[in-house]
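Here's the structure, in structure tokens; my notes come after.
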There are 2 protein chains.
Amino acid sequence: MEAAHTNDVLYAGELEIRPGDGLVLAAGRALTVSVREFGLLVALVQRAGRIVSRGELYTLVWGSELRDGDRSIDVYVHKLRVKLETALPAWAFIHTHVGFGYRFSPEASHVFHNSTTPR
Amino acid sequence: MEAAHTNDVLYAGELEIRPGDGLVLAAGRALTVSVREFGLLVALVQRAGRIVSRGELYTLVWGSELRDGDRSIDVYVHKLRVKLETALPAWAFIHTHVGFGYRFSPEASHVFHNSTTPR
DNA sequence: CGCGGGCCTTCACAGGTCGTTCACACGGGG
DNA sequence: CCCCGTGTGAACGACCTGTGAAGGCCCGCG
């Protein structure tokens, strides 16, 4: 299980996450995320910039070992992507590294004509 | 139990709350709320913008620990919602975060049921 | 004293959301 | 063309929350 959430606020681009409150803000607006979604997001953001394996994520969020064939991580990554994409279409946050895992990093999505750019 | 109410007046959108007086004004008109309803509302408004767990709310307003299976918080949230909705139909104040708790924040109601709005 | 009204708590049922697991689609490599 | 890894939509039971109502208390009033 993830160590008790700190009260530190995490920032990632337009995202603001309060681990202690279970709150996710996208451009200032509250996002509705489930407990699992929130745990996964926090785990990823806390390791932003590096690739995290499914096994590590599962252990962090679910608190046990990832069983062979379990697709939970994939499903929840998808759910998160949908919600983040809906809230902030101009950005891509969770990137797949085939064979390795996922990497969190706010990057400009390849959406046509938008004025926002990554930094 | 909640520390003695201050005399500071709380504002939240069209709402005005006077913790010292036990008074709630919606768009200037007084609302009739019971002691529990008032305590819960004050606790939420004082923590506006963040998610407050049922346990924390119960401790704040009821003054003891929330027992397993106790639905009091849910019931009173409902009572408050009804009164606020009646007084200010265009606004939603108390938002549910499943698995986490409730969050107070004045937001435009997503219900636009008037004759000029096409469906 | 008995009555009526409001308030708080507890139930029970209804409706919604969540977490898990499948099944199938897809794309790149071999 | 087949294989492997991942994306995605859907099904389903378990769990969580919304909601109306009943019951017991307390209190002011007649």
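Naming: A, B, ... by sequence-line order, numbering from 1 per chain.
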message: From the set C/dG19, C/dT21, C/dC11, return the single nucleotide nearest to any side-chain atom of B/Val75.
response: C/dC11
Nucleotide nearest B/Lys79 when distance is taken to its side chain, options C/dT10, C/dC18, C/dT9: C/dT9
message: Would you call the rings of A/Phe104 and A/Phe93 parallel, tilted or perpendicular, taking 30° and 60° as the class edges?
response: parallel
What is the distance, rounded to the nearest whole Å, between atom [atom1] of [X] and atom [atom2] of [N]?
{"X": "B/Ile73", "N": "C/dT9", "atom1": "CD1", "atom2": "P", "result": "10 Å"}
{"X": "A/Leu80", "N": "C/dC18", "atom1": "CG", "atom2": "P", "result": "12 Å"}
{"X": "A/Arg36", "N": "C/dT17", "atom1": "CZ", "atom2": "P", "result": "19 Å"}
{"X": "B/Tyr58", "N": "C/dT9", "atom1": "OH", "atom2": "C1'", "result": "9 Å"}
{"X": "A/His78", "N": "C/dT21", "atom1": "NE2", "atom2": "P", "result": "19 Å"}

- request: Considering non-hydrogen atoms only, spot the tightest contact between B/Gly49 and A/Leu23 and give its length.
  value: O-CD2, 3.2 Å
- prompt: Going 5' to 3' along DNA chain D, which nucleotides are the first and last within contact of chain A (any atom under 4.0 Å from a heavy atom)?
  reply: D/dG5 to D/dG9
message: Under 4.0 Å, counting only non-hydrogen atoms across every strand here, what does A/Tyr102 touch: a base, just sugar-phosphate, or nothing?
response: sugar-phosphate
message: So B/Gly99, base contact, sugar-phosphate only, or nothing? Heavy-atom distance under 4.0 Å.
response: sugar-phosphate
Protein proximity profile, nucleotides 23-30 of chain C - base contact B, sugar-phosphate-only contact S, no contact -, cut-off 4.0 Å on heavy atoms: B-------
